[in-house]
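Only one structure is covered here, and it is reproduced in the block below.
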Number of protein chains: 2
Amino acid sequence: MNLDDRKIKILNAIIKDYISTGEPVGSRTISKKYELGVSSATIRNEMSDLEEWGFIIQPHTSAGRIPSDKGYRLYVDQLMKIETINESSIKMIEYLLKQKIDQIDLLMKEVAKLLSLITNYTSMVSTPQIQKTRLKHLQLIPLDDKSVVLIIVTDANLVTDNVIKMDVKADQETLNKLSAMLNESLKGLNIEQINLPLIQELKIKMGVYGEIVNPILDAIDKTIKTSSTPDIYLSGSMNILNFPEFSDIEKAKQLFYTLEEKDLLVSILSKHNSNGIKITIGCENEIDEIKNCSLITASYTIGGRSVGTIGIIGPTRMQYEKVVSLLSYMSNNMDKLLNKILDG
Amino acid sequence: MNLDDRKIKILNAIIKDYISTGEPVGSRTISKKYELGVSSATIRNEMSDLEEWGFIIQPHTSAGRIPSDKGYRLYVDQLMKIETINESSIKMIEYLLKQKIDQIDLLMKEVAKLLSLITNYTSMVSTPQIQKTRLKHLQLIPLDDKSVVLIIVTDANLVTDNVIKMDVKADQETLNKLSAMLNESLKGLNIEQINLPLIQELKIKMGVYGEIVNPILDAIDKTIKTSSTPDIYLSGSMNILNFPEFSDIEKAKQLFYTLEEKDLLVSILSKHNSNGIKITIGCENEIDEIKNCSLITASYTIGGRSVGTIGIIGPTRMQYEKVVSLLSYMSNNMDKLLNKILDG
DNA sequence: GTTAGCACTCACAGTAGATGAGTGCTAACA
DNA sequence: TGTTAGCACTCATCTACTGTGAGTGCTAAC
């Protein structure tokens with residue numbers, strides 16, 4: 001297998017053409033549209049090699065070639081030139097930056113909307129994972145005879161509340177003391193560090209308060225566990241129907257049902273825990289239902305810590321350059337957007 | 001126009017048959033399947049009248065008849081017999097009742113899922129509207145130099161939090177005093193009663209605290225405004241693709257895009273503010289994009305007050321009886337489900 | 001008022017042929 | 001040895017045509 005310069009050029013041409021037209025690319029198209037200085041017959045010979053090596057596929061005898069997942073992978077890794085994001089996208093993002101949004105989930109929805117609007121693909125945005133941030137403040141508020149509200153604020157200014165049911169009554173003063181003690185023990189800790197062993201340790205340490213402390217500590221544990229599952233916002237699922245690769249409704253339906261499984265999406269997105277952009281093409285995806293899709297994800301940060309993920313899912317025939325440039329621009333700006341909400 | 005007994009029976013037969021098969025119903029089908037004791041020719045004559053009066057429609061010359069919106073309306077108002085909900089649905093709901101779900105939004109998602117699963121239509125569930133409940137407790141917690149967390153708890157035990165940015169520093173003690181004063185003034189008030197005029201009044205009344213009170217009061221106003229917009233959870237949007245009336249992808253796409261407009265759905269659902277079941281058939285819908293759909297909604301209550309809506313949207317050819325019985329059963333049980341979360 | 005009979009309509013499925021894009025192979029050329 | 005022109009071949013797609021059957025409306029007889 002000798003991928004010489006001409007073969008690379010031909011493969012590049014095939015992929016570029018197929019991405020933009022969606023039609024299988026024939027040898028004549030290449031020899032006419034792309035100036036390689038050779039005839040279609042020569043290109044046919046080269047294409048035959050490229051097919052043998054698995055970079056392109058022929059859907060049927062009398063059709064042109066389309067790129068395989070392996071072809072796209074080569075393209076993405078070596079051939080693709082990252083574009084700078086286009087002007088109109090920047091304007092749309094700046095517009096979002098200027099808007100007065102003061103709730104994280106609303107912002108996330110808007111981000112998802114914008115991503116799908118710009119790309120015409122389906123976008124996914126996961127909300128900031130509280131577990132990646134540090135405990136800043138914890139407060140217990142008496143609600144009524146049998147319940148207490150637990151408020152947890154983290155250093156990213158993320159706030160969660162949780163109603164705790166108790167068998168005994170706890171007055172304001174006790175709760176204040178307790179809050180102070182808990183703050184002292186837990187303040188500054190990474191949320192994911194506040195786990196069961198630590199809770200057990202605290203239970204023993206605070207044994208004096210027994211009855212009151214235990215349910216509260218349990219509640220803290222539970223709150224952290226449940227609120228640490230990020231939400232996912234999808235937008236533009238329906239864009240899928242615009243792509244010929246999903247003109248078979250059954251395929252589209254299958255994908256839709258998969259996209260409705262938010263838990264699954266969470267697990268897919270949370271696989272992206274590095275910085276930068278991650279591209280997963282077709283069969284590289286672990287989930288069967290999206291093996292004919294490509295997924296591009298980017299993580300975003302709050303105060304330098306990566307806390308969430310934004311992503312685009314679409315057919316493997318995707319405008320990789322554009323999506324990559326958009327996602328990296330957007331992920332860089334998420335920090336700004338979030339801080340506007342969190343720091344006011 | 002004289003809708004005699006036989007015509008009613010024929011109309012009933014057409015609608016029942018069409019709902020179950022989805023195929024236009026011919027005169028012969030009726031004379032064979034439904035024992036009316038008359039020949040197909042007679043039925044044809046009657047059908048001709050029914051069509052003239054607008055209860056049924058002939059898609060094309062050589063096809064049977066299908067019910068019109070007017071036909072469905074008559075059916076729903078007068079002919080339909082409300083079924084009792086079937087055993088398996090009850091079991092599924094009871095299963096949900098037994099599950100340990102301790103967050104309202106998770107519960108709402110599960111309810112939506114269940115509704116779409118049982119009906120095979122698309123379900124919509126709006127979260128409890130906090131504005132319909134009463135203020136129970138309000139608390140201000142210092143966060144850092146410039147920010148304070150505002151916690152509002154209502155009598156349905158719904159909790160919201162909001163970070164308030166301030167120019168001046170407020171210490172715990174001042175905030176406690178303030179919380180107490182605000183509690184005194186606002187406790188027991190219906191959340192929607194806490195509006196701008198009242199806030200203005202309070203500002204004047206509490207003039208002494210000036211600098212600190214004003215941003216807090218503004219924040220209360222804002223919090224109430226933003227958190228009073230209910231969320232909507234959809235489930236089974238994709239079920240739409242199973243219905244022949246949406247086999248034209250363009251139509252399905254249009255509907256999908258409409259269903260993605262959560263604000264629109266909120267406004268549609270919030271139109272249902274009475275008790276009981278509300279059925280809106282085809283053209284009766286105000287939004288153009290769902291004029292070929294039927295919408296069935298039911299409100300649910302917390303502590304006797306109607307605070308939210310559950311609904312099913314599907315083709316006008318809908319199994320009205322089943323959906324109505326399911327929604328009324330479910331809406332009656334929402335109270336239980338919610339109280340399990342809210343009261344522990 | 002009801003019914004049998006009949007001509008008529010029209011969507012739909014199936015078939016056949018034409019079209020054209022694209023290929024692989026071969027032989028000739030530089 | 002690499003490149004190219006030429007040609008036969010394949011196969012999806014489109015169009016036109018036809019037959020079929022479900023269903024109707026109308027008429028005349030009961």
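Chain naming here is simple, since letters A, B, ... match the order of the sequence lines and numbering starts at 1 in each.
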Open item on the list: Could you report the tightest heavy-atom contact between A/Glu289 and A/Leu255, atom names first, then the distance?
Closed with: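 Looking at all heavy atoms of both residues, the closest pair is O-CD1, 4.2 Å.
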
What is the separation between atom [atom1] on [X] and atom [atom2] on [N], rounded to the nearest whole Å?
X       : N      : atom1 : atom2 : value
A/Asp49 : C/dG24 : CG    : P     : 11 Å
A/Gln58 : D/dA12 : CD    : P     : 11 Å
A/Glu51 : C/dG22 : CD    : P     : 15 Å
A/Arg65 : D/dT10 : CZ    : C1'   : 13 Å
B/Ile14 : D/dT24 : CD1   : C1'   : 13 Å
A/Glu23 : C/dG20 : CD    : P     : 16 Å
B/Asn2  : C/dG1  : CG    : P     : 11 Å
A/Ile30 : C/dT23 : CD1   : C1'   : 13 Å

With both distances under 3.5 angstrom, what nucleotide forms a Watson-Crick or G-U wobble pair with [N]?
N      : result
D/dT27 : C/dA4
D/dA16 : C/dT15
D/dA22 : C/dT9

TODO: Measure from the side-chain heavy atoms of B/His60 and tell me the nearest of C/dA11, D/dG25, C/dG20.
DONE: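 The closest nucleotide is C/dA11.
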
- [ ] Go through C/dC10, C/dA21, C/dT23 for me and flag the one nearest to the A/Ser62 side chain.
- [x]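 Comparing C/dC10, C/dA21, C/dT23 against the side chain of A/Ser62, the answer is C/dA21.
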
Answer yes when [X] and [Y] have at least one side-chain N-carboxylate O distance shorter than 4.0 Å, and no when they do not.
X        : Y        : answer
B/Glu46  : B/Arg6   : yes
B/Lys291 : B/Glu284 : no
B/Arg317 : B/Glu245 : yes

Open item on the list: So B/Ser27, base contact, sugar-phosphate only, or nothing? Heavy-atom distance under 4.0 Å.
Closed with: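 Here B/Ser27 touches the backbone only, sparing every base.
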
TODO: Indicate whether OP1 or OP2 belonging to C/dT3 is found under 4.0 Å from a side-chain N or O atom of B/Arg28.
DONE: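 Answer no for this pair, as no side-chain N or O of B/Arg28 is under 4.0 Å from OP1 or OP2.
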
Task: N/O (side chain, B/Thr61) to phosphate O (OP1/OP2, C/dC10) under 4.0 Å - done: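 For B/Thr61, the contact criterion (side-chain N or O under 4.0 Å from OP1 or OP2 of C/dC10) is met.
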
TODO: Give me the one residue out of B/Asn12, B/Leu11, B/Asp5 that meets side-chain contact (heavy atoms from CB on, under 4.5 Å) with B/Lys9.
DONE: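 Result for side-chain contact (heavy atoms from CB on, under 4.5 Å) with B/Lys9: B/Asp5.
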
Close N or O pairs between protein and nucleotides 2-5 of chain D (under 3.5 Å):
unit_1 : atom_1 : unit_2  : atom_2 : d
D/dT3  : OP1    : A/Arg6  : NH1    : 2.7
D/dT3  : OP2    : A/Arg6  : NH2    : 2.8
D/dT4  : OP2    : A/Ser39 : N      : 3.0
D/dT4  : OP2    : A/Thr42 : OG1    : 2.4

Task: Verdict with supporting geometry, B/Ser40 and B/Ser31, side-chain hydrogen bond (donor to acceptor under 3.5 Å, both in side chains) - done: CA-CA 5 Å; B/Ser40 66; B/Ser31 77; 4.9 Å; no

- [ ] Answer yes or no on whether A/Lys70 is positioned over the face of A/Phe55, meaning its NZ or CZ is under 6.0 Å from the six-membered ring centre and within 45° of the axis.
- [x]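 Because its charged atom sits under 6.0 Å from the ring centre and within 45° of the axis, A/Lys70 does stack over A/Phe55.
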
